[in-house]
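Everything below concerns the one structure shown next.
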Amino acid sequence: DYYTFMGQSALDFEEKIKVTSSLIYSASVMKGFKKPIYIAVDEWGILGRNFLSVLPIAQCFNSFIRNADVVKMANFTLLTSLLQEDREKGTFKTPLFYIFKLFSNNCRGKSVDTYIECDIFNTEKYKGISFLDVTTVYSEETNTVYINVVNRHKDNSITADIINTAYSFAGKAEAKIINSNSLDETFTFEKKEEYIPATKEIKISGNKISFTFPAHSFTQIKAEIIKK
């Protein structure tokens, strides 16, 4: 089931982080530990053979960002799996490579608490799962925010307003969009150019950005902010 795979599995993954964090906190209080204890997530990730197997990687990254106060290391399973291989034509970059690149290159700074209000769906284990999975990272060096959005809806695009409650946005924002018409089609060498993220310029209105996120997609929005 698509929504069990995309929703329930994502919440189960993050729940394990939160439970471990709570155990660390309890042990630290009981034993009087003075130094913080952090979490290292080892050997996570799956082989990204098609787009359905790639979207959960973006959700894992979002989980790490939301829990950045305790998750300080996350070792991806076999970095070589970032590239797909065609035995006759060679290796090529897939959406997995580009999602990994966007997160690892841009999401450096401070994790910002992000409030989400959108339509929800239910699975057997979890209720009230947001169709949009969102995190925000702020870079003090460049005065830039990166907003990472996974649209979990299988069939529908979702239009949303992104509102900065502290400052205004500056200039124009830029979106990198990664999606696919097919969730199950295996990535191929012949279509490697189609996997390159699409770039779209977004107009800004003060402290608000409006954007339509395609169905079953990952989007990263880059925007500078004005501090007053």
Asn75 and Glu43: CA distance, side-chain angles, deciding distance, side chain to side chain donor-acceptor pair (under 3.5 Å) verdict:
CA-CA 6 Å; Asn75 300 324; Glu43 293 291 321; over 6 Å; no
Thr136 vs Thr114, test: side chain to side chain donor-acceptor pair (under 3.5 Å). Steps then yes/no.
CA-CA 7 Å; Thr136 307; Thr114 305; 2.9 Å; yes
Looking at [Y], is its backbone amide N or carbonyl O close enough to the side chain of [X] to form a donor-acceptor pair, meaning the two atoms are under 3.5 Å apart?
X      : Y      : value
Tyr138 : Tyr146 : no
Thr144 : Thr142 : yes
Thr123 : Tyr126 : yes

Out of curiosity, [X] [atom1] to [Y] [atom2], how far, rounded to the nearest 0.5 Å?
X      : Y      : atom1 : atom2 : result
Lys125 : Asp12  : NZ    : CG    : 4.0 Å
Phe13  : Gln8   : CZ    : CD    : 15.5 Å
Phe218 : Lys176 : CZ    : NZ    : 12.0 Å
Ser182 : Asn50  : OG    : CG    : 7.5 Å
Asp184 : Leu52  : CG    : CG    : 6.0 Å
Ile196 : Thr94  : CD1   : OG1   : 12.0 Å

List, by chain and then residue number, the residues other than Val19 in its hydrophobic cluster (Ile/Leu/Val/Met/Phe/Trp/Tyr, side-chain heavy atoms under 4.5 Å); write none if there are no others.
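Its cluster mates, by chain and number, are Leu23.
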Side chain to side chain donor-acceptor pair (under 3.5 Å) assessment of Asn179 paired with Ser217
CA-CA 5 Å; Asn179 67 341; Ser217 67; 5.4 Å; no
Could Glu174 and Lys200 be called an ion pair, given the rule that one side-chain N must be under 4.0 Å from one carboxylate O?
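Looking at Lys200 together with Glu174, the answer is no, because their closest N to O distance does not fall below 4.0 Å.
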Taking the side chain as every heavy atom from C-beta outward, state whether Ile129 and Arg152 have any atom pair closer than 4.5 Å.
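Yes. Closest side-chain heavy atoms under 4.5 Å.
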Side-chain contact, heavy-atom cut-off 4.5 Å: Phe169 with Ile226?
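Side chain of Phe169 against side chain of Ile226, heavy atoms only: no contact under 4.5 Å found.
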Less than 6.0 angstrom separating the ring centers of Phe213 and Phe211, yes or no?
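Centroid distance Phe213-Phe211: below 6.0 Å, so yes.
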For Trp44 and Phe76, take the angle between the two ring planes, folded into 0 to 90°, and tell me which bin it lands in: parallel under 30, tilted 30 to 60, perpendicular over 60.
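Judged by the thresholds at 30° and 60°, the geometry between Trp44 and Phe76 is perpendicular.
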